[in-house]
Amino acid sequence: MVTPQGRVAYGPVQPEDVPGLFDAGFHHGAAHPLCHGLTAQIPFLARQERLTFARVGLTDPLSLDDYLAHGGFEGLKRAIALAPADVVQAVTDSGLRGRGGAAFPTGIKWKTVLDTPAAQKYIACNADEGDSGTFSDRMLMEGDPYCLIEGMTIAGLAVGATQGYIYVRSEYPHAFRTLQAAIGRARAAGWLGASVAGCGRAFELEVRLGAGAYICGEETAMLESLEGKRGVVRTKPPLPAIAGLFGQPTVINNVMSLAAVPLILARGAAFYRDYGLGRSRGTLPFQLAGNLRRTGLVEKAFGVTLRELLEDFGGGSASGRPLRTAQVGGPLGAYVPATQFDVPLDYEQYAAMGAMVGHGGIVAFDDTVDMAKMARHAMAFCVAESCGKCTPCRIGSVRGVEVIDRIIAGEERSRNLALLDSLCDTMLAGSLCAMGGMTPYPVQSALKHFPQDFGIDTAAAAAA
Ligand SMILES: Cc1cc2nc3c(=O)[nH]c(=O)nc-3n(C[C@H](O)[C@H](O)[C@H](O)COP(=O)(O)O)c2cc1C
Ligand code: SF4
């Protein structure tokens with residue numbers, strides 16, 4: 001509730017609570033058992049560093065006036081005043097790396113598209129958000145759609161693309177509708193169209209709905225799907241930046257990557273780069289899910305630890321039992337054991353311990369989790385979601401489920417463990433994309449950190 005003192009929070013509110021809230025005068029910020037005080041002072045929110053999500057929850061998502069009153073389109077105005085190469089340079093200098101999983105430097109990708117001559121270029125926004133426990137893309141698209149529209153328009157002007165597509169997963173009907181409405185309003189107000197904000201250069205935007213396949217989040221499968229075909233991974237090269245959508249140079253970026261761009265242009269590359277650690281610059285909207293007292297979105301600069309996120313923000317396990325592990329970075333991410341909860345979250349430090357930050361999804365588990373079952377689940381997920389193009393993934397994942405079943409059943413355990421090890425090696429090295437290539441991450445991390453769950457006698461192994 002907005003009051004002269006600031007926003008006052010009430011919750012969780014059930015329908016039957018509403019009359020009592022009115023009686024208490026909640027619309028004036030009055031005291032009530034469900035009142036949490038000033039929203040901005042709630043520790044979960046106050047301790048965040050909200051750059052990309054600065055407006056979410058504050059503005060009316062579809063109000064252009066609200067957007068403009070909260071710094072909206074400042075980045076685009078600045079981009080219009082700059083030469084395209086300077087816009088690309090600003091993104092490079094900010095240190096922004098792709099938030100979709102691979103953490104590739106965004107500015108370098110844009111430069112490749114800028115430097116590739118073509119009559120038609122595209123911006124394709126990956127809003128498939130298929131990772132388990134992730135929802136930051138959805139929250140941004142539903143809560144601040146103009147931010148994504150602005151980021152994509154800046155990308156279009158920077159690389160010379162006149163058409164953009166947002167590929168939204170079918171499970172996000174509200175985001176789909178919000179984006180369509182926002183694009184219509186932005187176009188009517190002249191922020192999109194034949195002459196963006198009167199600058200004489202064109203940029204158009206359309207939304208496309210996926211059909212529900214994890215692999216359609218892989219960038220080349222997404223391109224196939226956007227072209228109306230079955231979502232199957234393409235071989236690379238050529239890179240999509242050279243020959244992407246309909247064979248034309250295409251910038252493919254995650255929603256979070258593109259939504260970070262308006263601020264980078266508005267406040268300058270150095271402002272954004274000043275947040276973070278090592279080569280991981282800026283902030284990441286982490287998403288807390290699983291067995292936690294408080295789940296939700298936490299935007300923090302890189303360098304925050306898993307312990308801070310799980311305990312300070314998440315409030316520890318919902319079950320009240322000790323947290324044993326968290327899977328970071330979606331279904332292809334490693335299980336990080338509690339002994340590594342203090343490692344700062346940055347791309348390099350996570351890679352060094354065989355894990356990944358990915359899209360920032362974090363799923364927490366308490367000490368009742370059976371890690372052999374989780375390893376089996378990783379292989380079974382790959383069986384279900386493999387596009388089938390390459391053998392290590394298509395066949396390897398099926399064999400992976402079988403071999404883990406034999407290990408769990410205690411059949412020739414050491415021989416089957418060696419077989420699983422070799423199978424993981426083959427999938428890692430021989431798969432065409434990260435679907436098969438990273439499924440071994442959760443499997444191997446589960447084996448490495450929780451061997452006892454696989455029936456491995458750790459005392460005997462240590463003595464041997
Ligand atoms: C199996 C698989 C699923 C993926 N799913 C997504 C996804 O849902 N969203 C996303 O942005 N990137 C996803 N990616 C990563 C994309 O291939 C690509 O790297 C990314 O969209 C590039 O944008 P970025 O540089 O801004 O991260 C996936 C990759 C793989 C291998
Ligand atoms: S690794 Fe799996 S999903 Fe990727 S191309 Fe091969 S079969 Fe398809």
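Just so we're clear, the structure is a prediction, and the values are computed from it rather than from any experiment. All ligand and atom numbering here is 1-based and tracks the order in the structure.
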- Query: Where's the contact between Glu218 and ligand 1, heavy-atom distance under 4.0 Å: side chain, backbone, both or neither?
  - Reply: both
- Task: Scan side-chain atoms only and decide if Tyr214 and Asp131 contain a donor-acceptor pair under the 3.5 Å cut-off.
- Result: yes
- Decide, counting backbone as well as side-chain atoms, whether Cys390 has an N, O or S atom less than 2.8 Å from atom 2 (Fe) of ligand 2. no
- Mind telling me whether Phe302 and Tyr347 have parallel, tilted or perpendicular rings, with 30° and 60° as the class edges? tilted
- In terms of residue, atom name and distance, what is the protein heavy atom nearest to atom 8 (O) of ligand 1? Glu129 N, 3.1 Å
- Query: Thinking salt bridges, do Arg99 and Glu299 make one under a 4.0 Å N-O criterion?
  - Reply: no
- Message: Please classify the Ile215 to ligand 2 contact at 4.0 Å (heavy-atom distances, strictly less than): side chain, backbone, both or neither.
- Response: side chain
- Which of the ligand 1 atoms, numbered from 1, are nearer than 4.0 Å to a heavy atom of Asn126: 6 (C), 7 (C), 9 (N), 10 (C), 11 (O), 12 (N), 13 (C), 16 (C), 21 (O)
- Query: Under 4.0 Å from any heavy atom of Ile215, which atoms of ligand 1 are there?
  - Reply: 1 (C)
- Message: I'd like to know if Asp274 and Arg267 make a salt bridge, using a cut-off of under 4.0 Å between side-chain N and carboxylate O.
- Response: no
- Say whether Thr162 and Glu204, considering side chains only, have a donor N or O and an acceptor N or O under 3.5 Å apart. no
- Task: Verify whether one side chain among Glu218 and Thr220 offers a donor that lies under 3.5 Å from an acceptor in the other.
- Result: yes
- Message: Looking at Arg138, I'd like to know if its CZ atom is crowded, meaning that more than 12 non-hydrogen atoms belonging to other residues, nucleotides or ligands lie closer than 6.0 Å.
- Response: yes
- Message: Salt bridge check, Arg234 against Glu224: does any charged N sit closer than 4.0 Å to a carboxylate O?
- Response: yes
- Only heavy atoms count here, so choose which of Gly396, Gly436, Ser386 is nearest to atom 1 (S) of ligand 2. Gly436
- Looking at Lys389, which atoms of ligand 2 are within less than 4.0 Å of one of its heavy atoms? 7 (S), 8 (Fe)
- Task: Just let me know how Val255 lines up against ligand 1, side chain, backbone, both or neither, with a heavy-atom cut-off below 4.0 Å.
- Result: neither
- Message: Geometry only, no angles: is Asp137 polar-contacting ligand 1 at N/O separations under 3.5 Å?
- Response: no
- Counting only heavy atoms not in Arg230, do more than 12 fall under 6.0 Å of its CZ? no
- Looking only at protein heavy atoms, identify the closest one to atom 2 (Fe) of ligand 2 and say how far it is in Å. Cys393 SG, 2.3 Å
- Task: Return the orientation label for the Tyr275 and Phe271 ring planes: parallel under 30°, perpendicular over 60°, tilted otherwise.
- Result: perpendicular
- Nearest-contact summary for atom 8 (Fe) of ligand 2 - protein heavy atom, Å: Cys387 SG, 2.4 Å
- Mark the output for Lys109 as yes if a heavy-atom distance to ligand 1 is under 4.0 Å, and as no if none is. yes
- With atoms numbered from 1 as shown, which atoms in ligand 1 lie under 4.0 angstrom from a non-hydrogen atom of Ile252? 22 (C), 23 (O)
- Item | Atom indices of ligand 2, in the order listed, that fall short of 4.0 Å to a heavy atom of Gly388 | 7 (S), 8 (Fe)
- Task: Enumerate the atoms of ligand 1 whose separation from the nearest heavy atom of Ala434 is less than 4.0 angstrom.
- Result: 31 (C)
- Hey, which atoms in ligand 1 end up nearer than 4.0 Å to a heavy atom of Ser257? 24 (P), 26 (O)
- Under a 4.0 Å N-O cut-off, is there an ion pair linking Asp346 with Arg279? no
- Message: Using a 6.0 Å distance limit plus a 45 degree cone around the ring axis, check whether Arg413 lies over the aromatic ring of Phe454.
- Response: no
- Query: For atom 27 (O) of ligand 1, what is the nearest protein heavy atom, given as residue, atom name and distance?
  - Reply: Gly100 N, 2.7 Å
- Protein heavy-atom partner closest to atom 4 (Fe) of ligand 2 - residue, atom, separation in Å: Cys433 SG, 2.3 Å
- Report, in ascending order of atom number, the atoms of ligand 1 lying under 4.0 Å from any heavy atom of Arg99. 26 (O), 27 (O)
- Message: Testing Leu310, Val304, Thr305 one by one against Arg307 for a side chain to side chain contact (heavy atoms under 4.5 Å, CB included), which residue passes?
- Response: Thr305
- Note on the structure: Filtering Gly217, Gly101, Gly436 for the heavy atom nearest atom 16 (C) of ligand 1 leaves Gly217
- Glu129 and Tyr172: side-chain donor and acceptor closer than 3.5 Å? yes
- For ligand 2, which atoms have a heavy atom of Met435 less than 4.0 angstrom away? 3 (S), 4 (Fe)
- Residue and atom name of the nearest protein heavy atom (relative to atom 17 (O) of ligand 1), distance in Å to one decimal: Glu219 N, 2.9 Å
- Where ligand 1 meets Gly130 - atom numbers and elements under 4.0 angstrom, heavy-atom basis: 8 (O)
- If you scan protein heavy atoms around atom 1 (C) of ligand 1, the nearest is Tyr214 CE2, 3.6 Å
- Taking N or O atoms only and a 3.5 Å limit, does Asp131 qualify as a polar contact for ligand 1? no
- Task: Go through ligand 2 atom by atom and flag the ones less than 4.0 Å from a non-hydrogen atom of Ser431.
- Result: 1 (S)
- Who's closest to atom 11 (O) of ligand 1 heavy-atom-wise, of Asn254, Thr439, Thr134, Asp128? Asn254
- Query: When you look at NZ of Lys448, are more than 12 heavy atoms from neighbouring residues, nucleotides or ligands closer to it than 6.0 Å?
  - Reply: no
- Message: Less than 4.0 angstrom from a charged side-chain N to a carboxylate O is my criterion; do Glu150 and Arg55 meet it?
- Response: no
